[in-house]
Amino acid sequence: MTVAVRLPRRKKDASAPEPADLLAWYDRHRRILPWRARRGERADPYAVWLSEIMLQQTTVKTVAPYYARFLARWPSVAALAASDLDDVLRAWAGLGYYARARNLHACARAVMQRHGGIFPRGMDALRALARLFAVEEKLPAAKPVIKRLATSLLPPRRAGDFAQALMDLGATLCSPKNPACALCPWNESCAAARRGDRESFPRKTPKREGSLRRGAAFVALRADGRVLLRQRPDKGLLASMTEVPGSAWAHDFDSASALAAAPRLGGTPKWQKLAGVVRHVFTHFPLELTVFVAQVPRVTKALKGARWVRLADLPGEALPNVMRKVLAHALKLD
DNA sequence: TACGCGTGGCA
DNA sequence: TTGCCAAGCGT
């Protein structure tokens with residue numbers, strides 16, 4: 001492991017990053033965010049917590065409308081704890097990483113039961129930019145190194161603002177591609193910028209590519225304008241979310257025998273295979289779904305665990321995006 | 001430690 | 001179009 005710049009132990013080093021420079025920049029350029037307290041105000045711990053969960057691996061822009069809807073509907077941890085998990089999942093649908101929604105709900109109940117609805121005081125995590133120190137270690141192994149370096153910069157006062165400032169710096173200037181170094185308060189002391197290969201940091205291990213999986217999805221349309229939906233298992237991928245019936249998603253899926261996975265609906269539904277496939281990319285693998293559609297009589301009963309849902313009610317369902325794509329494909333909504 | 005876990009934006 | 005990236009976390 002090589003660290004191009006080391007922090008001064010005692011003597012002031014003109015080339016070392018100064019927390020004060022970052023804080024001064026933050027005072028001028030801090031973003032206005034709905035969950036962030038303005039100067040002199042105290043943030044609502046519930047609002048901050050909600051934003052923290054939503055912002056995991058998710059951009060501010062994507063989170064903003066979800067956050068506003070959640071806070072309007074469940075303005076307190078007590079309100080959230082009293083809600084049904086299914087309602088939370090429906091409100092979360094489209095945001096991804098659905099375990100967050102389930103954990104959010106469970107945590108709200110725990111705060112009510114174990115802490116009387118008051119958030120306990122917790123640790124504030126700090127995140128820093130590798131790049132500043134030109135850390136050669138590759139992520140994720142570099143994380144402990146970066147943590148030590150970040151801790152060494154932590155100013156005795158305004159530690160919270162320092163953390164916020166770091167995140168604003170990353171969000172607005174010190175981006176992975178095309179960082180705006182000319183505007184950066186640490187430009188002069190940045191080891192990566194001095195080296196002239198700033199975009200090679202942070203170092204990363206090459207990501208293994210997930211192999212393609214395929215499967216079939218079955219859109220049963222009842223004569224009264226309803227579609228057959230079911231719930232996914234409460235563990236694993238897209239846990240507890242809603243889906244149309246389908247086959248397992250497998251590397252060796254054979255579309256010729258796909259109909260074996262069709263839901264049994266009584267009678268003999270004529271499944272029509274649609275042209276093309278629905279493509280979706282999950283975090284760790286790409287997926288291609290062949291979509292089948294069948295028109296069934298109004299009297300058709302739902303099999304156990306499934307239900308008939310009016311087309312007009314689909315937007316309110318806890319449908320992950322891959323299922324919205326399937327329905328759009330089948331209903332020619334796109 | 002390494003992997004599983006969604007989605008939208010953007011170059 | 002394609003691949004990368006984003007306020008990570010749980011197991």
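In the text below, chain A, chain B and the rest are named by the order of the sequence lines, each starting its count at 1.
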Sorted by chain and residue number, the side chain to side chain donor-acceptor pair (under 3.5 Å) partners of Asp87(A) (sequence neighbours excluded) come out as Arg90(A)
Can you tell me how far P in dA11(B) sits from the matching atom in dA7(C), rounded to whole Å? 15 Å
Atom CD of Gln57(A) to atom C1' of dG10(C): distance rounded to whole Å? 13 Å
Examine the side chains of Gln231(A) and Thr242(A) and answer whether a donor and an acceptor come within less than 3.5 Å of each other. yes
For nucleotides dG8(B) and dT1(C), find the distance between their C1' atoms and express it as a whole number of Å. 16 Å
Starting from C1' on dA7(C), measure out to CG on Leu166(A) and report it in whole angstrom. 11 Å
Given atom CG of Leu212(A) and atom C1' of dT2(C), what is their separation to the nearest angstrom? 15 Å
What is the ring orientation for His280(A) with Phe282(A), classed by angle as parallel under 30°, tilted 30 to 60°, or perpendicular over 60°? perpendicular
Quick one: salt bridge (charged side-chain N to carboxylate O under 4.0 Å, His left out) partners of Arg213(A), sequence neighbours excluded? none
Holding to salt bridge (charged side-chain N to carboxylate O under 4.0 Å, His left out), I want the full list of residues that pass it with Arg109(A), two or more places apart in sequence or in another chain. none
Candidate nucleotides dA7(C), dG8(C), dT7(B), ranked by approach to the side chain of Phe282(A) - the nearest: dT7(B)
Heavy atom of residues 230-239 of chain A under 4.0 Å from DNA chain B: which residues? Gly236(A), Leu237(A), Leu238(A)
Mind calculating the distance between CH2 (Trp49(A)) and C1' (dG8(C)) to the nearest angstrom? 16 Å
Residues clustered with Phe292(A), ILVMFWY side-chain links under 4.5 angstrom: Phe218(A), Leu228(A), Leu259(A), Leu265(A), Trp271(A), Val296(A), Leu303(A), Trp308(A)
Grab the CH2-P distance between Trp92(A) and dG6(B) for me, whole Å please. 11 Å
Using links of under 4.5 Å between side-chain heavy atoms of ILVMFWY residues, direct or through other members, which residues join Leu212(A) in one cluster? none
Is the distance from OP1 or OP2 of dG10(C) to the nearest side-chain N or O of Tyr97(A) less than 4.0 Å? no
Is there a side-chain contact between His284(A) and the phosphate of dG4(B), meaning an N or O under 4.0 Å from OP1 or OP2? no
Grab the CD-P distance between Gln56(A) and dC5(B) for me, whole Å please. 16 Å
Apply side chain to side chain donor-acceptor pair (under 3.5 Å) to Asp168(A) and list each qualifying residue two or more places apart in sequence or on a separate chain. Arg31(A), Arg36(A)
Asn321(A) side-chain N/O to dG8(B) phosphate OP1/OP2 under 4.0 Å: yes
Please collect all salt bridge (Lys or Arg N to Asp or Glu O under 4.0 Å) contacts where either partner lies in residues 239-266 of chain A, sequence neighbours excluded, each pair once. Arg230(A)-Glu243(A), Arg232(A)-Glu243(A)
Would you mind reading off the distance between Ile53(A) atom CD1 and dG6(B) atom P, rounded to a whole angstrom? 15 Å
Please tabulate, one pair per line, each protein N/O and nucleotide N/O from nucleotides 9-11 of chain B that are separated by under 3.5 Å, including the distance.
none

Looking only at side chains, do Arg100(A) and Gln57(A) share a donor and an acceptor under 3.5 Å apart? no
Heavy-atom donor-acceptor pair, Thr58(A) side-chain to dG8(B) base, under 3.5 Å: no
Would you kindly give the CD-to-P distance between Glu52(A) and dG8(C), to the nearest whole Å? 10 Å
Base, sugar-phosphate, or nothing: which does Val63(A) touch, judged by heavy atoms less than 4.0 Å apart? nothing
